Amino acid sequence: MEEEKEGTGWQVSACLNGRIHMGMPEGWERPAETVLSERFPGSTGPEEIFADSGADRMLTLSRLGKHLQERQVYPAVREIQRVVSRVYPESVRDQAQTITVQTGSAGFFSFLTGGMAGDVCHFLFILPDAEERMLLGGLHLPAGELRSGKELLVKIIRSIQEEDTGRNSQ
């Protein structure tokens, strides 16, 4: 389900079997299978993937079986950042941090990697859902969009709503 908010440049999309609704830029949709197999060649990929028309900008989201309570958000995102830093030394751009949302907090950080068409900026984010399961997401953009990407990420995270519980992150 995708519902456009006319004239706002923003749309709301349902994901994770309709349990989660979140806003994203207008026109972002699920990419074609050929794009998915190229970008995520492994057997396990994110549960949900949305992208712009050229698949240069992507949003991924998965609901993990791992428990995550509100008080664990910052330590967990900091630990994920530490692991990424080991794989990609000196790549972190935004240190692990939290933002306040209506339901508590979400944690995120950003890092850069090399890509086929140029460097790529990745924002990884986590937040607990109503059942205290970890929602793990990523926003992936060309490296030149690091600053505007952070604003977009915050807007997306704050738009997340859980259909089943009415719990809203705004």
Side-chain angles (χ1 to χ4, degrees), residues 1-41 44-64 68 73 77 80 93-94 97-113 115-131 133-170:
M1 174 191 120
E2 290 187 15
E3 167 191 327
E4 291 192 23
K5 294 187 176 185
E6 197 168 321
T8 64
W10 199 250
Q11 67 189 23
V12 176
S13 294
C15 54
L16 301 178
N17 297 318
R19 287 192 61 156
I20 302 290
H21 290 201
M22 65 182 176
M24 66 189 67
E26 200 170 322
W28 285 37
E29 54 190 40
R30 288 174 176 86
E33 278 302 315
T34 54
V35 172
L36 294 176
S37 62
E38 178 184 301
R39 298 287 175 95
F40 302 96
T44 305
E47 288 180 69
E48 296 286 350
I49 302 168
F50 295 90
D52 67 358
S53 60
D56 297 322
R57 293 156 190 85
M58 292 188 144
L59 177 78
T60 60
L61 186 67
S62 295
R63 183 174 186 255
L64 306 181
L68 180 69
V73 170
V77 77
I80 296 168
R93 294 301 181 257
D94 289 292
Q97 56 194 278
T98 59
I99 59 169
T100 301
V101 294
Q102 185 177 352
T103 58
S105 66
F108 74 93
F109 71 98
S110 69
F111 65 101
L112 296 179
T113 62
M116 291 184 276
D119 289 348
V120 179
C121 173
H122 308 273
F123 288 92
L124 293 185
F125 65 92
I126 61 169
L127 66 154
D129 69 5
E131 296 172 6
R133 299 285 182 185
M134 182 187 293
L135 292 176
L136 172 66
L139 178 62
H140 314 278
L141 310 159
E145 298 178 24
L146 179 68
R147 290 301 132 219
S148 62
K150 186 174 180 178
E151 293 172 19
L152 177 60
L153 174 76
V154 169
K155 189 172 180 180
I156 290 170
I157 292 172
R158 288 190 170 148
S159 77
I160 294 174
Q161 285 187 290
E162 290 188 62
E163 185 67 29
D164 294 347
T165 63
R167 182 177 154 162
N168 185 338
S169 296
Q170 292 184 8

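The analysis underlying the following values was restricted to heavy atoms, covering all of them including side chains, and did not include hydrogens, waters or symmetry mates. Because the structure is predicted, anything quoted here is derived from the model rather than measured.
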**Which atom of Ile157 lies closest to which atom of Ala106, heavy atoms considered** = CG2-CB, 3.6 Å

**Interatomic distance, Leu64 atom CG to Leu135 atom CG [nearest 0.5 angstrom]** = 8.0 Å

**Asked** What is the minimum heavy-atom distance between Ala51 and Pro31, and which atoms define it?
**Response** CB-CG, 3.9 Å

**Request:** Mind checking the CD-CE spacing from Glu29 to Met24? Nearest 0.5 Å is all I need.
**Result:** 10.5 Å

**Over all atoms of both residues, closest heavy-atom pair of Ser105 and Thr98** = CB-CB, 4.3 Å

**Prompt:** Of the options Leu68, Leu127, Ile99, which is the one that meets Val73 in a side chain to side chain contact (heavy atoms under 4.5 Å, CB included)?
**Reply:** Leu68

**Asked** Hey, mind stepping through His140 and Arg39 against side chain to side chain contact (heavy atoms under 4.5 Å, CB included) and telling me if it holds?
**Response** CA-CA 11 Å; His140 314 278; Arg39 298 287 175 95; over 6 Å; no

**Request:** Let me see the working for Phe50 and Arg30 under side chain to side chain contact (heavy atoms under 4.5 Å, CB included), right down to the final yes or no.
**Result:** CA-CA 5 Å; Phe50 295 90; Arg30 288 174 176 86; 3.5 Å; yes

**Request:** To the nearest 0.5 Å, tell me how far Ser159 OG sits from Gln11 CD.
**Result:** 11.0 Å

**Request:** Check for a donor-acceptor pair, side chain of Arg158 on one end and backbone N or O of Thr100 on the other, with a separation under 3.5 Å.
**Result:** yes

**Prompt:** Rounded to the nearest 0.5 Å, how far does CG of Asp52 lie from CG of Leu59?
**Reply:** 11.5 Å

**Rounded distance [0.5 Å steps], OG1 in Thr113 versus CG in Asp119** = 7.0 Å

**Item:** Check: Asp129 side chain, Glu131 main-chain N or O, donor-acceptor pair, under 3.5 Å
**Value:** yes

**Prompt:** What are the two closest heavy atoms between Pro46 and Ser62, and how far apart are they?
**Reply:** CA-OG, 3.3 Å

**Message:** If you compare all heavy atoms of Gly138 against all heavy atoms of Leu124, which two are closest, and at what distance to 0.1 Å?
**Reply:** CA-CD2, 4.1 Å

**Item:** Student check: side-chain heavy atoms of Ser13 and Glu48 closer than 4.5 Å
**Value:** no

**Message:** One pair to check against side chain to side chain contact (heavy atoms under 4.5 Å, CB included): Asp56 and Glu145. What are the steps and the verdict?
**Reply:** CA-CA 11 Å; Asp56 297 322; Glu145 298 178 24; over 6 Å; no

**Asked** Can you find a heavy atom in the side chain of Phe125 that is under 4.5 Å from one in the side chain of Leu61?
**Response** yes

**Asked** Parallel, tilted or perpendicular for Phe108 and Phe123, by the 30°/60° rule?
**Response** tilted

**Asked** About how many Å separate CG of Asp94 and CZ of Arg147, when rounded to the nearest 0.5 Å?
**Response** 4.5 Å

**Prompt:** What are the two closest non-hydrogen atoms of Val35 and Ala55, and how far apart are they?
**Reply:** CG1-CB, 3.8 Å

**Asked** With a 4.5 Å heavy-atom cut-off, do Trp28 and Ile49 have their side chains touching?
**Response** no

